[in-house]
Chemist: 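Have a look at this one before I ask anything.
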Amino acid sequence: MAIFAVTNSQLSFNLFNFSVSRREAFISRQAASGIRHRFSSSRWLSLNSPPTNTHSRSFDSFKLRCSITNTDVHFNQVATEDEDLSATDSTTPILQLKSDVLETESLNILTGDTYVDNLLTTLPVLSEEEQEALAATPAHPEGLYAFYASCLAGNLVEQLWNFAWPSAIALLHPSLLPVAVMGFFTKLVIIIGGPLVGKLMDHSPRVPSYIFLNAVQASAQLLSVAMIIHAHSVSSASASSSLLHPWFAVLVIAGAIEKLSGVALGVAMERDWVVLLAGTNRPTALAQANAVLNRIDLLCEIAGTSLFGILLSRYDPVTCLKFAAGLMMSSLPVMIGLTWLTNKLSAGVLDRAKCSQSCCRTSAEGPLPDADNLVDTGLKAIKLGWREYIQQPVLPASLAYVLLYFNVVLTPGSLLTTFLTQRGLNPSIIGGFSGLCAFMGVAATFISATLVRRFGILKAGAVGLIFQASLLTIAVAIYQSGPLAQRSPLLFFLCLIVLSRLGHMSYDIVGAQILQTGIPSSKANLIGTTEISVASLAESLMLGIAIIANDVSHFGFLALLSLLSVVGASWIFCRWLLNPTEEQRSLFSFDPQF
């Protein structure tokens, strides 16, 4: 006869496999003499004993499995029933289960499913403050800081060049045509090549592909510098005749490659790298990292445009372009070193596969690109990218983002820079205007946090779009009311554009997190580059119109079209906000205002 006593109240027991078979398991006197064991929390207890032939009556088999929490076990001895004590002196153990902390209650025998449920409900849970602190702590803070430094080095050169090339070309010809043609073909290449590059990056190691694209971008920038310097040394009769020169064809190709590489690098940084370094399940840390990236980009825009504007007002364009070339060559090794350091400080998180080995080649994304059939692979990538883009759950937010790309006039860019240069404004004033626009973006990184706390993440995006549309409406009304022959109306027109950037960048910051939430990481590069391709398609349509209406007198018509695109983006986003689907509600269930 076996007796076991349980002194514990809240002891959860799960008893399995209690069976009797012949001549197994007897706990010997030596094993039972005064032994005390303490079992750790939630550990399985198994008692098996070897067979013995020295007892006339014994348990044939005794198997016990139970879940015990903070429990002491005592083995005491008691004689078995009907056994001759004088002859055998054999005893059967008493199993006593005691707890130092729990009150004595009746034993609960649970089924397997009930045990699992009970176990899960008793696991330790972080407090609300601890959860908030964890959500705000990056997964790899040291690697994130090195990543910021790499972005700083790369963005400074890119923003300086984005201001340098249209300014240098605008000084060659008093027309919007060369800049519009370059922009049109650049966007066309991004439309075609964006999904293919995105798919290649989704199936390539992160660090080597990132370094390769940086080298390609720097080489294309240097080639463009050489072509523009050559153009300043050759006189052309008109803008249309310059389009037929070989240097312009090389400049268009180099510019398209440079922009395509820049788009791929930007998507990789904003949709993939920063998510890994900040942590996929740490929304506060990810939001803070997004804000820092935006500030870096905008501060580089302020520094790059202001620096080149000051240089261009004091020196000739060729000297300024040579300075830009030197900056490009010196920044490339710095970016490569910081990229390697980022991966090292983040414990190699960037070396992780983007999907499992089996699904990478057999998933819905299709097989890896084949170098022998690149055209067919590119067409499949474009088709796949557009299909995935249309099926994403946050499509209306992305479409609003795309429509903003129609605004190629009422925003700091190549066309507005060309227009202001041909209006006779000092290059330092134009550079200051671009710098102020970027400064509004920096301010938006702080204001957007307040908007999100007050309105929620989605309504904050709507506020930004409506604010931008309102100010641009006033700006276009001022321009249409009369020609900006005097400096005061022109400066007021530019001030309204500067203030409108506050709303634009607020939506840009909020929209980035909306897209990061709604797009799976395995398709981030493919959908991201496809989205840029769609945006480039929108921008190329506007640039095509600018090619037709390339005279400066048609600037007001282009400004009106740009305003309509911003109003349309606001309407699409607000309509989606008022009529969300169930899937969208589940994605943004954390937003109390949604």
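All heavy atoms count here, side chains included; hydrogens, waters and symmetry mates do not. None of the values given here were measured: they were computed from a predicted structure.
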Chemist: Looking only at heavy atoms, which two atoms of G556 and Q480 are closest? And how far apart?
Modeler: O-NE2, 3.1 Å
Chemist: Verify, without hydrogens or angle tests, whether S150 (side chain) and A146 (backbone) share a donor-acceptor contact under 3.5 angstrom.
Modeler: no
Chemist: Does F573 form a ring-ring contact (aromatic ring centres under 6.0 Å, His included) with Y507? I'd like the steps, not just the answer.
Modeler: CA-CA 11 Å; F573 189 85; Y507 177 75; 5.3 Å; yes
Chemist: Would a 4.5 Å heavy-atom cut-off, applied to side chains only, mark E301 and L160 as touching?
Modeler: no
Chemist: Using only atom types and a distance under 3.5 Å, with no angle test, would you say the side chain of T342 pairs donor to acceptor with the backbone of F147?
Modeler: yes
Chemist: Evaluate side-chain contact (heavy atoms from CB on, under 4.5 Å) for F439 paired with L298, printing each intermediate quantity in order.
Modeler: CA-CA 7 Å; F439 179 77; L298 295 167; over 6 Å; no
Chemist: Closest approach of C300 and Q159, non-hydrogen atoms and distance?
Modeler: O-CB, 3.7 Å
Chemist: On the six-membered ring of F446, is R295 placed so that its NZ or CZ lies under 6.0 angstrom from the centre and within 45° of the ring axis?
Modeler: yes
Chemist: Could you tell me the separation between the OG atom of S536 and the CG atom of L188, rounded to the nearest 0.5 Å?
Modeler: 9.5 Å
Chemist: Tell me if a side-chain donor or acceptor on S500 pairs with a main-chain N or O of L471 at a distance below 3.5 Å.
Modeler: no
Chemist: Minimum heavy-atom separation for L222 to A325, with atom names?
Modeler: CD2-O, 3.7 Å
Chemist: Rounded to the nearest 0.5 Å, what's the gap from CG on L196 to CG on L384? Could you check?
Modeler: 11.5 Å
Chemist: Would you say L299 and V442 make side-chain contact, with heavy atoms under 4.5 Å?
Modeler: yes
Chemist: Donor-acceptor pair, distance only, cut-off 3.5 Å: does the side chain of D297 make one with the backbone of L293?
Modeler: no
Chemist: Check whether S540 reaches the backbone of L537 with its side chain - one donor and one acceptor, N or O, closer than 3.5 Å.
Modeler: yes
Chemist: Does Y389 offer a backbone N or O that forms a donor-acceptor pair with the side chain of Q392 under 3.5 Å?
Modeler: yes
Chemist: Looking at K199 and E388, is there a salt bridge between them, counting it only when a charged N and a carboxylate O are closer than 4.0 Å?
Modeler: no
Chemist: Hey, does F433 have a side-chain heavy atom less than 4.5 Å from the side chain of V498?
Modeler: yes
Chemist: Mind listing the closest non-hydrogen atom pair of S565 and L403 along with its distance?
Modeler: CB-O, 3.3 Å
Chemist: Using a 4.5 Å cut-off on heavy atoms from C-beta on, say whether the side chain of L399 contacts that of W576.
Modeler: no
Chemist: Measure the CG-CG distance between L543 and N550 for me, rounded to the nearest 0.5 Å.
Modeler: 12.5 Å
Chemist: Could you tell me whether the side chain of D272 and the main chain of M269 form a donor-acceptor pair under 3.5 Å?
Modeler: no
Chemist: What side-chain hydrogen bond (donor to acceptor under 3.5 Å, both in side chains) pairs are there with at least one residue in residues 304-313, not counting sequence neighbours?
Modeler: none
Chemist: Tell me whether T411 contacts the main-chain N or O of V408 through its side chain, where contact means a donor paired with an acceptor under 3.5 Å.
Modeler: no
Chemist: Do V566 and T473 have side chains that get closer than 4.5 Å, going by heavy atoms?
Modeler: no
Chemist: Looking only at side-chain N and O atoms, does S428 offer a donor or acceptor that is under 3.5 Å from a partner on R314?
Modeler: no
Chemist: Might you point out which heavy atoms bring A278 and L144 nearest each other, and give the distance in Å?
Modeler: N-CD1, 4.4 Å
Chemist: Can any side-chain N or O of T529 pair as donor or acceptor with the backbone N or O of G194 at less than 3.5 Å?
Modeler: yes
Chemist: Please enumerate all residues that pass ring pair (Phe, Tyr, Trp, His ring centres under 6.0 Å) together with Y405, with sequence neighbours excluded.
Modeler: Y401
Chemist: For the atom pair CG (L499) and NE2 (H504), what is the distance rounded to the nearest 0.5 Å?
Modeler: 14.5 Å
Chemist: Parallel under 30°, tilted from 30 to 60°, perpendicular over 60°: which one fits the rings of F555 and F493?
Modeler: perpendicular
Chemist: Please step through ring-ring contact (aromatic ring centres under 6.0 Å, His included) for the pair W273 and Y210, ending with a clear verdict.
Modeler: CA-CA 10 Å; W273 285 43; Y210 187 83; 4.4 Å; yes
Chemist: Spell out, as yes or no, whether a donor-acceptor pair under 3.5 Å connects the side chain of S219 to the backbone of A215.
Modeler: yes
Chemist: Output, in order, the C-alpha distance, side-chain angles, deciding distance and verdict of side-chain contact (heavy atoms from CB on, under 4.5 Å) for M542 and L415.
Modeler: CA-CA 11 Å; M542 282 294 295; L415 285 181; over 6 Å; no
Chemist: Is any side-chain heavy atom of T186 closer than 4.5 Å to one of V189?
Modeler: no
Chemist: Could you grab the distance from atom CD1 of I509 to atom OG of S448, nearest 0.5 Å is fine?
Modeler: 4.0 Å
Chemist: In Å and rounded to the nearest 0.5 Å, what is the CG to OG distance from L172 to S167?
Modeler: 11.5 Å
Chemist: Anything under 30° is parallel, anything over 60° is perpendicular, the rest tilted; go ahead and classify Y148 against Y145.
Modeler: tilted
Chemist: So do I191 and V534 actually touch side chain to side chain, heavy atoms under 4.5 Å?
Modeler: no
Chemist: If you compare all heavy atoms of L312 against all heavy atoms of P317, which two are closest, and at what distance to 0.1 Å?
Modeler: CD1-CA, 3.9 Å
Chemist: Quick one: do S233 and H230 satisfy side-chain contact (heavy atoms from CB on, under 4.5 Å)? Show the steps, please.
Modeler: CA-CA 5 Å; S233 63; H230 173 73; 4.1 Å; yes
Chemist: For F163, give me all partners under ring pair (Phe, Tyr, Trp, His ring centres under 6.0 Å), at least two apart in sequence or on another chain.
Modeler: none
Chemist: Before giving the answer on side-chain contact (heavy atoms from CB on, under 4.5 Å), spell out for W161 and M328 the whole-Å C-alpha distance, their side-chain angles and the decisive distance to 0.1 Å.
Modeler: CA-CA 9 Å; W161 180 242; M328 295 168 188; 3.6 Å; yes
Chemist: Let me check something: any side-chain donor-acceptor pairs from residues 177-185 under 3.5 Å, sequence neighbours excluded? List them with distances.
Modeler:
none

Chemist: Hey, what's the ring geometry for W247 with H245, parallel, tilted or perpendicular (30° and 60° as the breaks)?
Modeler: tilted
Chemist: I want to check something: taking the side chain as every heavy atom from C-beta on, are F557 and I545 in contact at a cut-off of under 4.5 Å?
Modeler: yes
Chemist: Using the test side-chain hydrogen bond (donor to acceptor under 3.5 Å, both in side chains), find all partners of S470 that sit at least two apart in sequence or belong to another chain.
Modeler: none
Chemist: Please set out all donor-acceptor pairs under 3.5 angstrom arising from side-chain atoms of residues 256-267, sequence neighbours excluded.
Modeler:
| residue | atom | partner | partner atom | Å |
| --- | --- | --- | --- | --- |
| E258 | OE2 | Q217 | NE2 | 3.4 |
| E258 | OE2 | Q221 | NE2 | 3.1 |
| K259 | NZ | N162 | OD1 | 3.0 |
| S261 | OG | I257 | O | 2.9 |

Chemist: Might you work through the side chain to side chain donor-acceptor pair (under 3.5 Å) test for E531 and S398, ending with a clear yes or no?
Modeler: CA-CA 7 Å; E531 179 184 72; S398 179; 2.6 Å; yes
